[in-house]
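Here is how names work: the chains are called A, B, and so on, in the same order as the sequence lines, proteins then strands, and each is numbered from 1.
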Amino acid sequence: MCPADDMSHSGIFVSEGDVMAFRRTIIAWGREHFRPFPWRFTADPYRILMAEVMLHRTRAAQVVPVYSKFVGSYPDVPALARATGEELYKTLYPLGLRWRVALIYEMATHLAGRFNGSVPVEKEALLSLPGISDYIASAVRCFAWGYPDFLADTNTVRVVGRMFGLKIRDSSRRNSRFRNILAALVDMEYPRLYNYALLDVADRICVKKRPPECNVCPVAKWCIQAGGIPIHGKGICED
DNA sequence: CTCCGGGTCG
DNA sequence: CGACCGGGAG
């Protein structure tokens, strides 16, 4: 029996109220350290979807100029559907992963053909789009419509892995224990702010490079790695 | 579960 | 050099 199967008795969180305090704390920190990427100032699901595809295995800073040029040239699905492959290739080339050019082009075809030029809100429909899996589907649903979907990527998995002392592997973002924790932690009232904050903590504080910045981490008191856990920490769980 | 992708920048 | 707000193939 590992921590996190029940948040309130995980040894990390002593009660549901403690979980709420965690959410409030990370959101408060997130508001002060919000990274102002251009795709964070729109609720247009099309633009958020395109941003997430561009962010796939690509540094956010590298995406910024390409994203801005892209939405200027193709502000909506019809405009994208009219684009030529050569135009798209030139716009997206600086991002690398050139298979994304064909993917985005194909995506425009699906959105225009099957979804009347709009981005579907249902998880199943999003997952039916080419190149879209759990992370991007959830990110679009949360950031565009405010659904409290959890985000499981290498960064958020690293944060909860350290918090709960779970061994982090390449497969952890698809592991049910990690996913259950991430799902249980999401703030149901402010999911956008919460998920932005979690991503920003992962990027600015809980960095992959060791050691992480635990001395300035806003949620260190709920983290085994940071030496928080006041009373009965359950220790490391291997698997 | 493991492995790969790509131009770009810290 | 190594790593990047993941997804699909093997």
- Query: Where along residues 25-37 of chain A does a heavy atom come under 4.0 Å from DNA chain C, residue by residue in number order?
  - Reply: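 DNA chain C contact set from residues 25-37 of chain A: A:R35.
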
- Proximity to DNA chain C (any heavy atom under 4.0 Å), residues of residues 118-127 of chain A only: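 Heavy-atom cutoff 4.0 Å gives no residues at all.
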
Restricting to nitrogen or oxygen on both sides, can you table the protein-nucleotides 8-10 of chain B pairs closer than 3.5 Å?
residue	atom	partner	partner atom	Å
B:dT8	O4'	A:Q62	NE2	2.9

Which is true for [X] with a 4.0 Å heavy-atom rule: it touches a base, it touches only sugar-phosphate, or it touches nothing?
X      : answer
A:R40  : base
A:R174 : base
A:L151 : nothing
A:D170 : base

- Task: Decide yes or no, distance alone: a donor-acceptor N/O pair under 3.5 angstrom between the base of B:dG7 and the side-chain of A:R100.
- Result: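 No such pair is found, so the answer is no.
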
- Tell whether A:T58 reaches the base of B:dG6 with its side chain through a donor-acceptor pair below 3.5 angstrom.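 Donor-acceptor pair under 3.5 Å: yes.
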
Using atom [atom1] of [X] as one end and atom [atom2] of [N] as the other, report the distance to the nearest whole Å.
X      : N     : atom1 : atom2 : result
A:Y67  : C:dC4 : OH    : C1'   : 19 Å
A:H56  : B:dC4 : NE2   : P     : 15 Å
A:R173 : C:dG8 : CZ    : P     : 11 Å
A:R204 : C:dC4 : CZ    : C1'   : 17 Å
A:L49  : C:dC5 : CG    : C1'   : 14 Å
A:K209 : C:dA3 : NZ    : P     : 9 Å
A:K167 : B:dC1 : NZ    : P     : 13 Å
A:R158 : C:dA3 : CZ    : C1'   : 11 Å

- Task: Could you tell me whether the side chains of A:D18 and A:S15 share a donor-acceptor contact shorter than 3.5 Å?
- Result: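 A:D18 vs A:S15: no donor-acceptor pair found between side chains.
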
- Are a donor atom and an acceptor atom from the side chains of A:T58 and A:R100 found within less than 3.5 Å of each other?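 Per modelled atom types, A:T58 and A:R100 side chains form a pair under 3.5 Å.
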
- Lys/Arg-Asp/Glu bridge criterion (N-O < 4.0 Å) met for A:K69, A:E87: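 Here A:K69 does not pair with A:E87 in a salt bridge, since their nearest N and O are not under 4.0 Å apart.
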
Of the nucleotides [options], which has the atom closest to the [X] side chain?
X      : options             : answer
A:S171 : C:dG8, C:dC5, B:dT2 : B:dT2
A:L55  : B:dC1, C:dC5, C:dG7 : C:dC5
A:L97  : C:dG7, B:dG6, C:dC5 : B:dG6

- Query: How does DNA chain B look in dot-bracket form if you count Watson-Crick and G-U pairs under 3.5 Å, write [ ] for pairs that cross, and put | where a base pairs with another strand?
  - Reply: ||||..||||

- Task: Determine the interplanar angle of the A:F164 and A:F13 rings, folded into 0 to 90°, and report it as parallel if under 30°, tilted if 30 to 60°, perpendicular if over 60°.
- Result: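 The rings of A:F164 and A:F13 sit tilted, inter-plane angle from 30° to 60°.
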
Quick one: salt bridge (charged side-chain N to carboxylate O under 4.0 Å, His left out) partners of [X], sequence neighbours excluded?
X      : answer
A:D76  : none
A:R141 : A:D149
A:D200 : A:R35, A:R40

- Query: What integer number of Å spans the P atoms of C:dC5 and B:dC3?
  - Reply: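 Nearest-Å result for C:dC5 against B:dC3 at atom P: 22 Å.
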
- How far does the P atom of B:dG6 sit from the matching atom of C:dA9, given to the nearest Å?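 These two P atoms come out 15 Å apart once rounded.
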
- Any side-chain N or O of A:R57 under 4.0 Å from OP1/OP2 of B:dG6?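 For B:dG6, OP1/OP2 do not have a side-chain N/O of A:R57 under 4.0 Å.
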
- A:K208 side-chain N/O to C:dG2 phosphate OP1/OP2 under 4.0 Å: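 Negative; the distance criterion is not met.
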
- Want to settle it: does A:D153 or A:L129 sit nearer the 5' end of DNA chain C, counting the closest nucleotide to each?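 Of the two residues, A:D153 wins.
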
- Query: With sequence neighbours left out, what residues match A:W39 under ring pair (Phe, Tyr, Trp, His ring centres under 6.0 Å)?
  - Reply: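 Result, ring pair (Phe, Tyr, Trp, His ring centres under 6.0 Å) vs A:W39: A:F37, A:Y67.
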
- A:Y190: what forms a ring pair (Phe, Tyr, Trp, His ring centres under 6.0 Å) with it, not counting sequence neighbours?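 Partners of A:Y190 under the ring pair (Phe, Tyr, Trp, His ring centres under 6.0 Å) test: none.
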
- Item | Contact list for residues 45-55 of chain A, test salt bridge (Lys or Arg N to Asp or Glu O under 4.0 Å), sequence neighbours left out |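 Qualifying pairs: A:D44-A:R47.
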
- Side-chain contact test, heavy atoms from C-beta onward, threshold under 4.5 Å: evaluate it for A:L198 versus A:F150 and give yes or no.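 Result no, sub-4.5 Å side-chain heavy-atom pair not found.
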
- Task: Decide yes or no for A:R169 and A:F178: does some side-chain heavy atom of the first lie under 4.5 Å from some side-chain heavy atom of the second?
- Result: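 No; the side chains remain at least 4.5 Å from each other.
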
Please tabulate, for the side chains in residues 205-217 of chain A, all donor-acceptor contacts under 3.5 angstrom to protein atoms that are two or more places apart in sequence or on a different chain.
residue	atom	partner	partner atom	Å
A:R210	NH2	A:Q225	OE1	2.6

- Query: Once you round to the nearest 0.5 Å, how far does CG of A:N175 lie from CD1 of A:I168?
  - Reply: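 The distance works out to 11.5 Å.
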
- Just by distance, do the side chain of A:T91 and the backbone of A:F70 share a donor-acceptor pair under 3.5 Å?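 Absent.
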
What side-chain donor-acceptor pairs closer than 3.5 Å can you find for residues 103-115 of chain A, not counting sequence neighbours?
residue	atom	partner	partner atom	Å
A:T109	OG1	A:Y105	O	3.3
A:H110	ND1	A:R114	NH1	2.7
A:R114	NH2	A:S128	OG	2.8

